[in-house]
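All remarks here apply to the structure that follows.
The figures here come from the full heavy-atom set of this structure, side chains too, leaving out hydrogens, waters and symmetry mates. Proteins come first, then strands; the chains are lettered A, B, ... in the order of their sequence lines, and each starts at number 1.
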2 protein chains.
Amino acid sequence: MQNLLSNLKITINEKLYVKDPETSELGRNILKNSIILIDEIGFEAFTFKKLGEKIQSNESSIYRYFENKHKLLVYLTSWYWSWMEYRMAFATTNVSNPIEKLEKAIKLVTENIVDDNATPHINEEILNRIIVEEFTKTLMTKEVDNENKEGFFLVYKRVINRIIDIIKEVNPEYPYAKSLASNIVEGALHQHFLKNHLKTITNLSEKECATEFYTDMAKKILL
Amino acid sequence: MQNLLSNLKITINEKLYVKDPETSELGRNILKNSIILIDEIGFEAFTFKKLGEKIQSNESSIYRYFENKHKLLVYLTSWYWSWMEYRMAFATTNVSNPIEKLEKAIKLVTENIVDDNATPHINEEILNRIIVEEFTKTLMTKEVDNENKEGFFLVYKRVINRIIDIIKEVNPEYPYAKSLASNIVEGALHQHFLKNHLKTITNLSEKECATEFYTDMAKKILL
DNA sequence: TATAAGTTGATAGTATTACTATTATATTTG
DNA sequence: CAAATATAATAGTAATACTATCAACTTATA
């Protein structure tokens with residue numbers, strides 16, 4: 001249990017920041033308002049200069065925390081997946097029935113997210129919107145292989161590996177546990193994107209989440 | 001097949017270009033070499049200036065065909081999905097068995113793509129790599145709703161709608177035909193991305209394609 | 001065949017972005 | 001209180017993403 005909990009603490013790869021933003025008021029302000037600003041104007045239009053204006057600080061001060069906006073986005077998405085991993089570990093420990101465990105895990109990665117108030121400087125609901133709209137962009141760059149070697153996506157892969165393990169518990173014979181797990185996690189984000197923007201090619205309606213669709217999928221495939 | 005494909009006129013939304021690139025040597029050169037250059041250096045680093053140097057033409061000349069690089073990318077991806085739609089129509093007409101039809105459709109959107117030689121200025125194999133690495137970026141922008149209204153993604157949605165219709169033929173009771181279809185098409189791209197870059201969270205190996213995984217998925221869900 | 005119309009190439013120029021560097025000032029800590 | 005550290009302000013650079021202008025060349029048409 002001790003060992004488990006120490007793995008669950010929200011820790012982020014040190015290579016993602018120059019100075020740890022959690023250690024100062026300005027740092028936490030950068031995190032809080034970068035989430036709000038990226039959500040407002042989108043990652044492409046987001047700049048450190050605009051963020052500086054928003055928090056009444058200076059561009060150069062933000063550069064002392066993050067090398068560039070890409071690393072800031074990877075930081076924020078790592079935070080999200082770390083938070084998700086924590087929720088998942090919490091929800092699935094002491095659940096002995098593998099099917100129930102799988103249902104809980106799928107629910108977590110497919111449901112609509114609401115702010116949990118535990119972290120005043122991170123609004124999880126807004127951060128989830130950023131994940132839906134911007135997460136794949138952190139992967140789909142020419143630097144992905146180097147960044148993967150540096151461990152930038154470890155937390156994300158850990159979340160998926162947890163689901164892989166549960167899938168294997170449910171059905172050890174199924175040969176595509178990895179692809180099914182990554183499909184559910186990424187697919188859920190995509191279905192949420194579609195319900196917001198390309199409504200005609202998803203069954204999710206406005207306030208609906210992807211839980212039913214993916215739970216049904218997993219059960220039909222594995223049971 | 002060869003002959004039918006060469007008779008194919010792929011039509012693309014007129015709002016995507018300033019001047020139709022298919023109507024001139026320079027235009028076709030822009031298409032051909034933009035595909036090669038985006039594949040080489042990635043869409044972020046790709047600029048009209050670099051493309052101009054590559055084709056020994058001028059930046060300003062390229063701007064006479066495309067307003068900006070985003071519209072060029074949407075043009076290229078529209079071309080791809082239009083080509084895919086044609087292949088799908090061809091492969092599924094006169095197939096009376098819905099299950100066989102579904103298998104053929106899934107195969108087309110999940111298999112590894114090779115250049116078909118019908119269009120000398122478009123290399124489909126390279127274009128497919130661009131789709132895998134860059135397609136979602138065409139959707140995930142702050143302008144997606146406006147561009148969707150303008151019909152920028154119609155061809156893509158048409159491909160998915162064809163699969164939706166086949167799914168409904170196979171099993172009219174299944175309640176998530178739309179989500180399943182969009183999941184298969186987008187998911188296949190993502191699994192190909194993972195096999196190239198995040199190998200630990202997919203079951204696809206180096207030269208493998210996503211056909212088996214998604215065929216198995218669809219059958220278990222629908223039959 | 002002359003002329004108009006359209007295409008391409010070359011150059012210059014602008015605003016913005018994505019930084020780096022320097023210095024001054026404020027705050028914290030030892 | 002001095003030293004170390006954090007932040008703010010300013011300036012500057014190279015690249016990007018364009019726009020505008022003009023000359024040269026090609027093609028269509030009268």
Side-chain angles (χ1 to χ4, degrees), chain A residues 14-34 37-38 40-76 121 134 137-138 141-143 146-147 152, chain B residues 14-34 37-38 40-76 121 134 137-138 141-143 146-147 152:
Chain A
E14 287 182 12
K15 287 167 186 159
L16 287 173
Y17 50 80
V18 183
K19 183 188 161 155
D20 186 349
E22 293 279 358
T23 62
S24 77
E25 200 54 42
L26 177 61
R28 287 184 293 272
N29 225 252
I30 289 171
L31 296 181
K32 179 178 182 176
N33 286 283
S34 63
L37 190 56
I38 291 171
E40 270 173 27
I41 65 176
F43 186 65
E44 270 63 49
F46 172 86
T47 67
F48 282 180
K49 195 170 185 190
K50 288 174 189 165
L51 179 60
E53 279 156 24
K54 194 181 182 80
I55 63 177
Q56 304 193 128
S57 178
N58 197 274
E59 200 188 357
S60 61
S61 303
I62 299 163
Y63 275 103
R64 261 184 240 101
Y65 285 85
F66 293 99
E67 265 178 65
N68 51 55
K69 68 175 185 171
H70 174 253
K71 286 197 174 177
L72 168 57
L73 183 60
V74 179
Y75 181 100
L76 293 174
H121 59 297
E134 322 282 1
K137 293 178 196 166
T138 64
T141 71
K142 276 285 161 183
E143 291 75 39
N146 283 329
E147 295 187 350
F152 286 16
Chain B
E14 287 182 13
K15 286 167 187 157
L16 287 174
Y17 50 79
V18 183
K19 184 188 161 155
D20 186 349
E22 293 279 0
T23 62
S24 76
E25 200 55 39
L26 177 62
R28 287 184 294 271
N29 225 254
I30 289 170
L31 297 182
K32 180 178 182 176
N33 287 282
S34 63
L37 190 55
I38 292 171
E40 271 172 28
I41 64 175
F43 187 65
E44 270 62 49
F46 172 85
T47 68
F48 282 180
K49 196 171 185 187
K50 287 174 190 166
L51 179 59
E53 279 156 24
K54 192 180 181 82
I55 63 177
Q56 304 193 123
S57 178
N58 198 276
E59 199 188 358
S60 61
S61 302
I62 299 164
Y63 274 104
R64 268 185 225 103
Y65 285 84
F66 293 100
E67 265 178 65
N68 51 55
K69 69 176 185 172
H70 175 253
K71 285 197 174 177
L72 169 57
L73 183 60
V74 178
Y75 181 100
L76 294 174
H121 58 297
E134 322 281 2
K137 293 178 196 166
T138 65
T141 72
K142 276 284 161 183
E143 291 75 40
N146 283 328
E147 294 187 351
F152 286 16

Discussion item. Protein within reach of the bases, or only the backbone? For nucleotides 12-30 of chain C, mark each nucleotide 5' to 3' as B, S or -, using heavy atoms under 4.0 Å.
Written reply: -----SSBBB---------
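- For Lys15(B), the salt bridge (Lys or Arg N to Asp or Glu O under 4.0 Å) partners are Glu150(B), not counting sequence neighbours.
- By the ring-ring contact (aromatic ring centres under 6.0 Å, His included) test, Phe152(A) is found to be paired with no residue, residues two or more places apart in sequence or in another chain being considered.
- Judged as a side chain to side chain contact (heavy atoms under 4.5 Å, CB included), and not counting sequence neighbours, the contacts of Asn33(B) are Asn29(B), Ile36(B), Leu51(B), Lys54(B), Ile55(B).
- Every residue meeting the side chain to side chain contact (heavy atoms under 4.5 Å, CB included) condition with Asn68(A), not counting sequence neighbours, appears here in chain and number order: His70(A), Lys71(A).
- Between Phe66(B) atom CZ and dT7(C) atom C1' there is a gap of 16 Å when expressed in whole angstrom units.
- For Glu25(A), the salt bridge (Lys or Arg N to Asp or Glu O under 4.0 Å) partners are Arg28(A), not counting sequence neighbours.
- Of the residues in residues 23-32 of chain A, Ser24(A), Leu26(A) come within less than 4.0 Å of DNA chain D through at least one heavy atom, sorted by number.
- Under the rule for a salt bridge (Lys or Arg N to Asp or Glu O under 4.0 Å), Glu59(A) has no partner lying at least two apart in sequence or in another chain.
- Remark: Phe66(B) pairs with Tyr75(B) by the ring-ring contact (aromatic ring centres under 6.0 Å, His included) rule, at least two apart or across chains.
- Close approach of DNA chain D to chain A, defined as any atom under 4.0 Å from a non-hydrogen atom of the protein, starts and stops at dA6(D) to dT10(D).
- By the 30° and 60° cut-offs, the orientation of the rings of Phe46(A) relative to Phe48(A) is perpendicular.
- Among pairs with a residue in residues 44-53 of chain A, those fulfilling salt bridge (charged side-chain N to carboxylate O under 4.0 Å, His left out) read Glu44(A)-Lys137(A), at least two apart in sequence or across chains.
- Residues passing the side chain to side chain contact (heavy atoms under 4.5 Å, CB included) test with Thr138(B), sequence neighbours excluded: Leu73(B), Val74(B), Thr77(B), Phe135(B), Phe153(B).
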